[in-house]
S.K.: 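Sharing a structure, written as structure tokens. Questions coming.
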Amino acid sequence: MRLNQLLANCHTHFKIENEKDQEVFGISAHSKEIKQNYIFSVVKGQRYNGANFINELKDITNIVLILDKNIVLSDYTSNKIQERFVKIYTKNVVLLSGEIASLLYKNNIPNINAVTGTNGKTSVAEYSRQIWYCNKKKAASIGTLGTLFNKKLLSPSTLTTPDSITLHKTLNKLSTNHCDNIIIEASSIGIHQNRLFPLKFNKIAFTNLSRDHLDYHKNMRQYMIAKAKIFINNSHKKTIAVLNSDDKNYSYFEKLCLDQRLKVLDYGKKANFLKILSISKKNNVHEIKINLKNRMKKVVMPSNSLFEVYNILCSLLIVFGEKITAKNFDCIKKLKSPKGRLEKVYDKNFKIFIDYAHTPDAIKNILTSLNNLKKNRIISIIGCGGDRDKGKRALLTKQALLLSDIVILADDNPRNEEPKKIRQEMLYNLSKKQKERIINIGDRKQAIKYGISILQKRDILVIAGKGHEDYQLIRGEKKYFSDHETVNNIINKI
């Protein structure tokens, strides 16, 4: 597609210098991917500033730069090199780049959906994909677990919500594979940074809201507003909102959606559409009585936790919407829990679970569920990520102490922070009695080894924070580490 044709179809405001109507073959925010007749999206991120890489492109012909309108280009390159580029200035580089990417990497996927919320996004995305697949429909999920198409992993994930260019490239690839149904995990940061622009979703689901990412959003109000923007910016007249009626912030999201004239399908004990009348747990299943379209139905769900029940109900509404029938619940028995989501990895004399939980509310949810299985002690291994919301560190520990007999502190992804300092902050304002139930180890492998070594008959060990991840970020370096592999290696030696 020619540059002028691309820009003529963009609604984001821009100014152009050194204008030259040339063929455009691609766009990227990564300088190493730039080739002849490409657009370089010069994004300033938290770690890298794309402007620092402009000089690397000086020998490539027919390059277009998308630049922030306030950039002083002479701070990064000479006037002689500047003259080689077509320059497009705009107020929001990500918005214009996303719009251009959507035109260059078109898709004709009829059913694109999103799910947002503090916890449950990955499970809802994974269950939705599985339900579509069980109903013999081509489907994909994009999020924390990567991009999965039907039952195959197409690409791993670096972000919960990919950058806008990567997202449109992925949608284009799925479209060429004749994918008809997609669900995308929408993180608050991804929404705030406009990574989903200019997508409009068929359905947008909200799972819940609790403390997370306050290092970025500063307070819960701003965090909630960031989540809510998806219902404003990424909806159209026929978009359906799928909302958890039992979340304490439900009324805020419901009012917002109704103000946007979106149809609301809610689920939960307080719901109008899919109402839970009662829930009882027997062994590893939940028996649920629901009212759906004024008809009572009893549903049996194989699940260890109440939040899994809510995630599955949310997924069913994403897939079937207001046309959902009692028969659509039949596929539940075929669903498999996502990797690292309250995943039972050992069950003989004692049980070992691995979970992604890394927020106080998520720790509360998984430990509440495991307390329903409790026959002896619960031992929790927890940690906190570096360069992230420091205010939740002590809260997470206190929550683990409330629902565990012993708590072991292990390093998660310390990133550029000193691991010892993170663990000290996790111990802030704890009483002497509380600290007596905490073992501060740090080294993750040693923490897991110790946790397993003290297990008694019928104990439960939960290893939280990493889930499916197979790495640790330590002092800016990515090192291979798998909770699953570590557990298996230790258990095999017992």
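Scope of the values below: all heavy atoms of this structure, side chains included, with no hydrogens, waters or symmetry mates.
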S.K.: Tell me whether Lys106 at atom NZ has more than 12 heavy atoms from other residues, nucleotides or ligands lying less than 6.0 Å away.
M.R.: no
S.K.: Say whether Ser188 and His217, considering side chains only, have a donor N or O and an acceptor N or O under 3.5 Å apart.
M.R.: yes
S.K.: Please round to the nearest 0.5 Å and tell me the distance separating atom CG of Asn234 and atom CZ of Phe197.
M.R.: 9.0 Å
S.K.: Identify, with sequence neighbours excluded, every residue that meets ring-ring contact (aromatic ring centres under 6.0 Å, His included) alongside His213.
M.R.: none
S.K.: Under 3.5 Å, is there a donor-acceptor pair linking the side chains of Ser157 and Thr144?
M.R.: no
S.K.: Considering residues at least two apart in sequence or located in another chain, which fulfil the ring-ring contact (aromatic ring centres under 6.0 Å, His included) criterion with His484?
M.R.: none
S.K.: Do Lys173 and Asn107 have side-chain atoms, one donor and one acceptor, less than 3.5 Å apart?
M.R.: no
S.K.: What are the two closest non-hydrogen atoms of Thr161 and Ser187, and how far apart are they?
M.R.: OG1-N, 2.8 Å
S.K.: Decide whether Lys227 and Thr116 meet the rule of one side-chain donor and one side-chain acceptor closer than 3.5 Å.
M.R.: yes
S.K.: Check Leu316 against Ile332 and note the closest heavy-atom contact, atom names and distance.
M.R.: CD1-CD1, 4.0 Å
S.K.: Should Lys169 and Glu33 count as an ion pair when the cut-off is N to O under 4.0 Å?
M.R.: yes
S.K.: Would the Tyr480 and Tyr471 ring centres measure less than 6.0 Å apart?
M.R.: no
S.K.: Atom CD of Glu418 and atom CD1 of Ile474: how far apart are they, to the nearest 0.5 Å?
M.R.: 10.5 Å
S.K.: Count the heavy atoms belonging to other residues, nucleotides or ligands that lie under 6.0 Å from NZ of Lys398, then report whether that count exceeds 12.
M.R.: yes
S.K.: So which heavy atom on Tyr127 is nearest to which on Ser315, and how close?
M.R.: CB-OG, 3.3 Å
S.K.: Quick one: does Asn311's side chain have a donor or acceptor within less than 3.5 Å of a partner on Ser123's backbone?
M.R.: no
S.K.: Establish, yes or no, whether a centroid distance under 6.0 Å links the rings of His192 and Tyr216.
M.R.: yes
S.K.: Can you list the residues that meet the ring-ring contact (aromatic ring centres under 6.0 Å, His included) rule with His286, with sequence neighbours excluded?
M.R.: none
S.K.: Classify the side-chain pair Asn113/Asn111 by whether it contains a donor and acceptor separated by less than 3.5 Å.
M.R.: yes
S.K.: Restricting to non-hydrogen atoms, name the atom on Lys121 and the atom on Gly117 that form the minimum distance, rounded to 0.1 Å.
M.R.: NZ-O, 2.8 Å
S.K.: Hey, could you give me the OH/CD1 distance between Tyr346 and Ile491, rounded to the nearest 0.5 Å?
M.R.: 5.0 Å
S.K.: Can you name the residues that form a ring-ring contact (aromatic ring centres under 6.0 Å, His included) with Tyr310, not counting sequence neighbours?
M.R.: none
S.K.: Among Arg388, Arg475, Arg393, whose salt bridge (Lys or Arg N to Asp or Glu O under 4.0 Å) with Glu417 holds?
M.R.: Arg393
S.K.: Have a look at Asp483 and tell me which of Arg444, Lys445, His468 forms a side-chain hydrogen bond (donor to acceptor under 3.5 Å, both in side chains) with it.
M.R.: Arg444
S.K.: Is the closest basic N to carboxylate O distance between Asp411 and Arg423 below 4.0 Å?
M.R.: yes
S.K.: Rounded to the nearest 0.5 Å, what separation is found between the CD atom of Glu469 and the CG atom of Asp412?
M.R.: 7.0 Å
S.K.: First locate atom OG of Ser369, then atom CG of Leu367, and finally report the distance between them rounded to the nearest 0.5 Å.
M.R.: 8.5 Å
S.K.: Would you confirm whether the ring centroid of His168 sits within less than 6.0 angstrom of the ring centroid of Tyr105?
M.R.: no
S.K.: Would you confirm whether Thr359, through its side chain, and Ala362, through its main-chain N or O, come within 3.5 Å as a donor-acceptor pair?
M.R.: yes
S.K.: Hey, is Asp212 close enough to Lys392 for a salt bridge, meaning N to O under 4.0 Å?
M.R.: yes
S.K.: Hey, mind stepping through Tyr250 and Asp266 against side chain to side chain donor-acceptor pair (under 3.5 Å) and telling me if it holds?
M.R.: CA-CA 9 Å; Tyr250 168 76; Asp266 53 6; 2.8 Å; yes
S.K.: Ignoring hydrogens and geometry beyond distance, is a side-chain donor-acceptor pair present between Glu308 and Ser337 at under 3.5 Å?
M.R.: yes
S.K.: Determine, for Asp361 against Lys364, whether the closest basic-nitrogen to carboxylate-oxygen distance falls under 4.0 angstrom.
M.R.: no
S.K.: With a 6.0 Å cut-off (strictly less than), is the heavy-atom count around OH of Tyr48, excluding the residue itself, greater than 12?
M.R.: no
S.K.: Run the side-chain donor-acceptor check on residues 131-139: report pairs under 3.5 Å with partners two or more places apart or on a different chain.
M.R.:
| from | atom 1 | to | atom 2 | distance (Å) |
| --- | --- | --- | --- | --- |
| Asn135 | ND2 | Ile131 | O | 2.8 |

S.K.: Would Lys351 and Asp459 pass as an ion pair if we require N to O under 4.0 Å?
M.R.: no
S.K.: When rounded to the nearest 0.5 angstrom, what is the spacing between OH in Tyr223 and OG in Ser210?
M.R.: 6.5 Å
S.K.: Judged by modelled atom types alone, do Asn55 and Thr77 share a side-chain donor-acceptor pair under 3.5 Å?
M.R.: yes
S.K.: When Ile100 is tested against each of Thr12, Ile27, Leu95, Ile165 for side chain to side chain contact (heavy atoms under 4.5 Å, CB included), which residue passes?
M.R.: Ile27
S.K.: Verify, without hydrogens or angle tests, whether Asp163 (side chain) and Thr166 (backbone) share a donor-acceptor contact under 3.5 angstrom.
M.R.: yes
S.K.: May I have the list of side-chain donor-acceptor pairs in residues 56-66 shorter than 3.5 Å, sequence neighbours left out?
M.R.:
| from | atom 1 | to | atom 2 | distance (Å) |
| --- | --- | --- | --- | --- |
| Glu56 | OE1 | Ser31 | OG | 3.1 |
| Asn62 | OD1 | Lys20 | NZ | 2.6 |
| Asn62 | ND2 | Asn37 | OD1 | 3.3 |

S.K.: Taking Lys151 first and then Glu126, would you say they form a salt bridge - that is, a charged N and a carboxylate O separated by under 4.0 Å?
M.R.: no
S.K.: List the atom of Ser128, the atom of Ile183, and the distance in Å for their closest heavy-atom pair.
M.R.: OG-CD1, 3.8 Å
S.K.: Please name the pair of heavy atoms, one in Ala447 and one in Ile381, separated by the smallest distance, quoted to 0.1 Å.
M.R.: O-CD1, 3.6 Å
S.K.: Between the side chains of Asn249 and Asp247, does any donor sit under 3.5 Å from an acceptor?
M.R.: yes
S.K.: Taking NZ in Lys449 as the centre, count heavy atoms belonging to other residues, nucleotides or ligands within less than 6.0 Å. Is the count above 12?
M.R.: no
S.K.: Can you tell me if His236 has over 12 outside heavy atoms packed within less than 6.0 Å of its NE2?
M.R.: yes
